[in-house]
Amino acid sequence: MTNAKDILVIGGDGFCGWPTALHLSNLGHNVTIVDNLSRRDIDAQMGADSLTPIASMDDRIAAWAEQTGRTIGFENIDVARDYDALCKLMLATQPDTVIHFGEQRAAPYSMKGASEKRYTVDNNISGTHNLLAASVELGLDPHFVHLGTMGVYGYDDDGLEIPEGYLPVYIPADDKQIIKRDILYPTNPGSVYHMTKSMDQLLFQFYAKNDRMRITDLHQGIVWGTQTEETRLDERLINRFDYDGDYGTVLNRFLMQAVVGHPLTVHGTGGQTRAFIHIQDTVKCLALAVENPPARDGKVAILNQMTETHTVRSLAKLVAETSGAQIANVDNPRNEAAENDLRVSNKTFLSLGLKPITLAEGLMDETQQIAAKYAKRCIRKMIPCVSTWTDNQRPGVVPAKASKAA
Ligand SMILES: NC(=O)c1ccc[n+]([C@@H]2O[C@H](COP(=O)([O-])OP(=O)(O)OC[C@H]3O[C@@H](n4cnc5c(N)ncnc54)[C@H](O)[C@@H]3O)[C@@H](O)[C@H]2O)c1
């Protein structure tokens, strides 16, 4: 490959980071994964586990070398807390690109209690800022690619197609002229996790303006599926499959619930519309982002990384029709609108050549086959969502009636 880049993949042991690291390595890039394995630790603390058996990082990397002859590096560094080790690595590798997946990414986990809220804020904000500060302090000039979320826009049904990150606003000035500004689309986070992604956006805005860093922020939809072309090569390369109430994403949860004979757990009416993307398209989008760094113009490039929208209830219906599963409407543990519409622009990735994989293309079968293969590993008690957004939503809690003063 003529245009091989040196790439750091922060969070490269995770659901999106691992298949991305493999894909970029397959394309001929020199990939080093940085991960503190905190996701595996959180599973151990919660008594949960990936439905698929994920190999140790050493075994994953050895399997990749056996299958392809390619080497992927690995460094166990906590990017939020071990700044010196991070700087040492960045100086040694002089990355052309830093891809940042390394955050606590479950909204329900971030709402469990004060300890999880504080961890999510400390980990996500410090990690992001350390990576930006180190790039500047060390005089490096990497293209910084971050995984953000569609959730920063909120789900308020604004009656317009959500643009790619910016909203043109027209402000009446003192001299009766109208000034046009492109402002960050007003954030409306629905959890502490989403709030950290909204705060990340301000860090990027500052570093792009002040230090002329080239930054791409990918506002990703909910990822479904498990396997990619690369993770299918060997069972030791298999991707993780989260199904528990905190980390499992909705469509994957439905697909595995159908397989293990659990009713499909729809929150409330299931009228929430969300944006989706298959994991194979995630890795393709990352490769396109790496190949297309933005201009050094002081502005963050924000791309919506999603391919289709669906309501939760329509997904449940689709899975129920093909599998015969029952649907159970359960109390919504979240604090969100019961119903919303969602229209999203994803024109940049389409213009870069992305050919979206949709639900209609048979990959739901593959995900269900994987779920069936590993169904015996399912820990059923981990399926329900038990993290609630407010104390009053906890089962058995009587809502507070009166304030002290009353
Ligand atoms: N999975 C989705 O549906 C989805 C949707 C939208 C956006 N995203 C974003 O994509 C990114 C990756 O998501 P994922 O599903 O792969 O999550 P994941 O939890 O599977 O992976 C994150 C990885 O980062 C590592 N990590 C966390 N904090 C770290 C730290 N301080 N230092 C080093 N490593 C650290 C974890 O150990 C884990 O391996 C996240 O930022 C997430 O917000 C994911």
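When a ligand or atom number is given, it counts from 1 through the structure's own listing order. We number each residue from 1, following the sequence as shown.
- Each side-chain hydrogen bond (donor to acceptor under 3.5 Å, both in side chains) pair with one or both residues in residues 89-101, not counting sequence neighbours, appears once here: H100-T128.
- Among protein heavy atoms, the minimum distance from atom 39 (O) of ligand 1 is reached at D35 OD2, 2.6 Å.
- Atom 17 (O) of ligand 1 has as its closest protein heavy atom R105 CG, 3.1 Å.
- With a 4.0 Å heavy-atom cut-off, ligand 1 is reached by the backbone of L37 but not by any atom from C-beta on.
- Residue contact check for ligand 1: G12 places no non-hydrogen atom closer than 4.0 Å to it.
- Among Y109, F15, F101, Y247, the residue whose heavy atom lies nearest to atom 40 (C) of ligand 1 is F101.
- Closest to atom 41 (O) of ligand 1 among all protein heavy atoms lies K197 NZ, 2.7 Å.
- For R39, the side-chain hydrogen bond (donor to acceptor under 3.5 Å, both in side chains) partners at least two apart in sequence or on another chain are D43, D242.
- Taking a cut-off of under 4.0 Å to the non-hydrogen atoms of V223, the atoms of ligand 1 that pass are 2 (C), 3 (O), 4 (C).
- The residue from N36, D13, T128 that puts a heavy atom closest to atom 34 (N) of ligand 1 is N36.
- At least one heavy atom of I77 sits closer than 4.0 Å to an atom of ligand 1.
- Electrostatic pairing of D234 and R236 counts as a salt bridge here, judged by a charged N lying under 4.0 Å from a carboxylate O.
- Within the 4.0 Å heavy-atom cutoff, Q305 does not count among the residues contacting ligand 1.
- The shortest N or O to N or O distance between R240 and ligand 1 is not under 3.5 Å.
- In this structure, A106 has no heavy atom closer than 4.0 Å to ligand 1.
- In terms of protein heavy-atom proximity, atom 4 (C) of ligand 1 is nearest to Q220 NE2, 3.6 Å.
- Y193 counts as a contact of ligand 1, since one of its heavy atoms falls under 4.0 Å from the ligand.
- Ligand 1 has an N or O atom lying under 3.5 Å from an N or O atom of V79, backbone or side chain.
- Residue-ligand proximity: G127 is placed with every non-hydrogen atom at 4.0 Å or more from ligand 1.
- Not a single N or O atom of Y119, backbone or side chain, sits closer than 3.5 Å to an N or O atom of ligand 1.
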